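Notes follow the structure.
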Amino acid sequence: LCLKANLEYLRSNHRKAIKLLESCSSSGLDKGIYFNNMGCIHHILGQHRCASMYFARSLDAYQTEKQSSAQGTKKRQRNVSAQPCVYNVLLNSGVQLLHTGRPKMAYSCFQEAALSNYHKPRLWMYIAECVCIAHEQYLQEHFLISDTGSLSSVAARRLTEGSTGDASSHRYILDPCGSGIDKDIWAGKSMLDCGPEDADHLLESKKENESRHMETQTLSGSLSLESGLRATSNVLFLLDEARPDMGFIAAICSEAKKKSNTDGKAQTEADNEDTMSAEGSLLAIGQTTLLCRAYLALWMNNWAVAQQAGLDALKLLDVGHVKDCKSISIAHTYVAESCFRQGKLKEGMEHAMHALEKQDELATRNQGEENMAKALRCAMCVNVATARISMGDTQEAIHSIHKALQYVPHSREAIRALLFVYLKQGNVDKALEVLKREMKRF
């Protein structure tokens with residue numbers, strides 16, 4: 001009956017598989033196996049909370065068996081053979097916890113499962129995803145990121161970065177948020193023109209930002225951005241081990257070129273088979289891992305690693321059977337941000353424009369655009385505008401800022417950038433007009 005239930009599960013006859021498993025349970029099937037199989041079925045059905053409950057009961061069953069194993073040698077031998085099953089159940093349980101938005105609990109499950117499943121790249125990919133999701137939740141809990149995806153800290157809400165001087169020499173320091181220009185550079189420039197008290201204030205604010213940055217890198221215990229980056233390194237190492245001749249990414253790209261030279265019909269059939277094969281699964285793991293790696297490296301201020309991970313992700317996304325516009329847009333965004341941070345403005349501009357094209361394509365497909373998508377497109381336009389300001393093209397910068405304001409009409413980051421451009425051009429009247437218009441909202 002258990003084998004029949006597994007066959008029905010593979011045939012996607014889930015209701016029949018559940019009935020057969022219930023019959024097996026009444027016939028004396030091991031409780032750990034029964035609950036694990038039920039959890040797998042509910043995972044396929046998308047009922048992740050229910051599946052998580054079944055996996056938890058499976059772990060309880062194995063724990064009860066372990067406690068009773070001390071009573072006899074025969075039961076002890078049976079418990080030793082059941083240990084690999086426990087690690088697999090821990091892996092399954094972690095996946096469900098990740099689906100239900102509990103990354104810290106999932107992380108602990110994956111850490112225990114790694115004792116037996118350390119050779120599986122998918123496990124390390126899950127660990128990296130746990131760190132990314134936990135980091136995002138940390139930012140939202142501490143009000144560093146709002147529900148719309150834009151920065152909501154006090155520094156991001158200000159129209160000005162600060163002010164220096166008195167009387168006729170008094171002036172404001174403006175800094176477009178998310179511009180790709182490090183705030184330390186702006187602080188260094190302003191400290192040259194301010195008094196000792198202002199300089200001390202700027203140094204204190206800089207130390208506060210550094211301490212907050214360290215807090216975001218260490219979330220809880222061993223769950224840190226560095227542990228997530230190490231997990232992505234493990235995934236890439238294991239994927240390269242599968243292709244020791246030239247490496248995973250190079251092998252995938254070369255195979256894609258060979259397929260592109262074959263007949264179109266044969267290529268389509270091969271691609272359809274490939275999506276269901278282990279090769280297609282490894283390709284998806286590589287794509288997800290590289291996107292996680294770029295995200296983590298950006299938050300750790302490791303711009304070179306973030307850029308390389310984003311470029312590698314674009315290579316794998318380009319050879320995939322299904323072109324995921326959202327993932328391609330995210331990869332271009334990460335590469336653009338890392339290039340801006342390194343001062344590679346032209347290269348960053350190119351990737352930023354590609355990201356905007358993909359986001360526009362997604363918007364035309366979905367039509368009903370969410371606030372999160374609008375905020376992301378607005379931020380990208382502000383980044384493009386700031387790069388153009390650095391290149392001296394103020395007119396195109398104003399065009400990009402107006403486009404950003406179309407997505408989010410009263411975006412503080414876009415308005416701050418617009419004020420910066422007007423003041424840079426010496427157009428004080430327009431800057432005052434913008435300030436008065438925005439001040440009326442308060």
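Given the structure is predicted, the values throughout are model-derived calculations rather than measurements. Numbering starts at 1 and runs along the sequence shown. Just so you know, these numbers use all the heavy atoms, side chains as well, and skip hydrogens, waters and symmetry mates.
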*How close do Ile127 and Ala231 get, heavy atom to heavy atom, and via which atoms?*
CG2-CB, 3.9 Å

*Is a donor on one side and an acceptor on the other found under 3.5 Å between the side chain of Asn36 and the backbone of Val89?*
no

*Stepwise side chain to side chain donor-acceptor pair (under 3.5 Å) test for Gln308 and Asp312*: CA-CA 6 Å; Gln308 188 59 49; Asp312 290 340; 3.1 Å; yes

*Between the side chains of His332 and His354, is a donor N or O closer than 3.5 angstrom to an acceptor N or O?*
no

*asked:* Can you tell me how far apart CD1 (Ile330) and CD (Gln287) are? Round to the nearest 0.5 Å.
replied: 12.0 Å

*How far apart are the C-alpha atoms of Lys344 and Gln307, what are their side-chain angles, what is the distance that settles it, and do they pass the side chain to side chain donor-acceptor pair (under 3.5 Å) test?*
CA-CA 11 Å; Lys344 302 176 182 178; Gln307 182 184 359; 3.2 Å; yes

*Would you say the side chain of Val319 lies within less than 4.5 Å of the side chain of Leu283, judging by non-hydrogen atoms?*
yes

_Least distance between heavy atoms, Gly286 atom then Leu316 atom_ = C-CD1, 3.7 Å

*Is the number of heavy atoms from other residues, nucleotides or ligands within 6.0 Å of NE2 (His48) greater than 12?*
yes

*asked:* To the nearest 0.5 Å, what is the distance between CD1 on Ile328 and CD on Gln359?
replied: 12.5 Å

*Is it true that a side-chain atom of Ser327 and a backbone atom of Asp324 form a donor plus acceptor pair closer than 3.5 Å?*
no

*asked:* Could you walk me through whether Val131 and Tyr107 satisfy the side chain to side chain contact (heavy atoms under 4.5 Å, CB included) test, starting with their C-alpha distance in whole Å, then the side-chain angles of each, then the deciding distance to 0.1 Å, before giving a yes or no?
replied: CA-CA 8 Å; Val131 176; Tyr107 183 85; 4.2 Å; yes

*Considering all heavy atoms, the nearest Leu296-Gly228 contact*: CD1-C, 3.4 Å

_So which atom in Tyr295 and which in Cys132 form the shortest heavy-atom distance, rounded to 0.1 Å?_
CD2-SG, 3.6 Å

*asked:* Counting C-beta onward and ignoring hydrogens, is there a side-chain heavy-atom pair between Cys378 and Glu413 closer than 4.5 Å?
replied: no

*Just wondering, do Ser281 and Arg122 contact through their side chains at under 4.5 Å, heavy atoms?*
yes

*asked:* Would you compute the distance between atom CG of Leu45 and atom CZ of Arg15 and round it to the nearest 0.5 angstrom?
replied: 9.0 Å

*So how far is it from Lys120 NZ to Asn234 CG, rounded to the nearest 0.5 Å?*
15.5 Å

*Going through the checks in order, is the side chain to side chain donor-acceptor pair (under 3.5 Å) test met by Arg388 and Ser400?*
CA-CA 9 Å; Arg388 283 174 170 160; Ser400 297; 2.5 Å; yes

_side chain to side chain contact (heavy atoms under 4.5 Å, CB included) evaluation trace for Cys381 with Ile401_ = CA-CA 6 Å; Cys381 288; Ile401 294 168; over 6 Å; no

*Are side-chain heavy atoms of Leu345 and Cys339 found at a separation under 4.5 Å?*
no

*How about Tyr54 and Gln47: does a side-chain donor come under 3.5 Å of a side-chain acceptor?*
no

*Quick one: does Ser227's side chain have a donor or acceptor within less than 3.5 Å of a partner on Leu223's backbone?*
no

*Can you name the closest pair of heavy atoms from Ser52 and Leu97 and give their distance?*
OG-CD2, 3.9 Å

*Can you check whether Tyr118's main-chain N or O pairs, donor with acceptor, with Trp124's side chain at less than 3.5 Å?*
yes

*asked:* Measuring from atom OG1 of Thr232 to atom CG of Leu290, what distance do you get when rounded to the nearest 0.5 angstrom?
replied: 8.0 Å

*Hey, does Asn92 have a side-chain heavy atom less than 4.5 Å from the side chain of Tyr87?*
no

*Mind running side chain to side chain contact (heavy atoms under 4.5 Å, CB included) on Lys358 and Glu361 for me, showing each step along the way?*
CA-CA 5 Å; Lys358 292 297 179 182; Glu361 187 178 341; 3.9 Å; yes

_Whether the Tyr334 and His351 side chains hold a donor-acceptor pair (N or O, under 3.5 Å, no angle test) is what I'd like checked._
no

*State, yes or no, whether a side-chain contact exists between Trp303 and Leu298 at a heavy-atom distance under 4.5 Å.*
yes

*Has the side chain of Ser411 got a donor or acceptor atom that lies under 3.5 Å from a matching backbone atom of Val408?*
no

_For Gly32, is there any backbone N or O sitting under 3.5 Å from a side-chain donor or acceptor partner on Ser58?_
yes

*Should the pair Glu350-Lys346 be classified as a salt bridge under the 4.0 Å nitrogen-to-oxygen rule?*
no

*State, with a plain yes or no, whether a side-chain heavy atom of Arg293 is found less than 4.5 Å away from one of Ser233.*
yes

*asked:* Would the distance check show the side chain of Glu8 and the main-chain N or O of Lys16 forming a donor-acceptor pair, the cut-off being under 3.5 Å?
replied: no

*In Å and rounded to the nearest 0.5 Å, what is the CG to CG distance from Asn302 to Leu229?*
7.0 Å

*Indicate yes or no: at least one non-hydrogen side-chain atom of Gln63 is less than 4.5 angstrom from one of Leu59.*
no

*Would you check, one step at a time, whether the test side chain to side chain contact (heavy atoms under 4.5 Å, CB included) holds for Leu282 with Ile252?*
CA-CA 10 Å; Leu282 290 177; Ile252 290 292; over 6 Å; no

*asked:* Is it the case that the side chain of Ser329 and the backbone of Cys325 share a donor-acceptor pair, with hydrogens and angles ignored and the cut-off at 3.5 Å?
replied: no

*Closest non-hydrogen atom pair, Leu317 against Ala331*: CD1-CB, 4.2 Å

*Please confirm whether the backbone N or O of Met105 pairs with a side-chain atom of Ser108, one donor and one acceptor, at under 3.5 Å?*
yes

*With a 3.5 Å cut-off and no angle check, do the side chains of Gln342 and Glu347 form a donor-acceptor pair?*
no

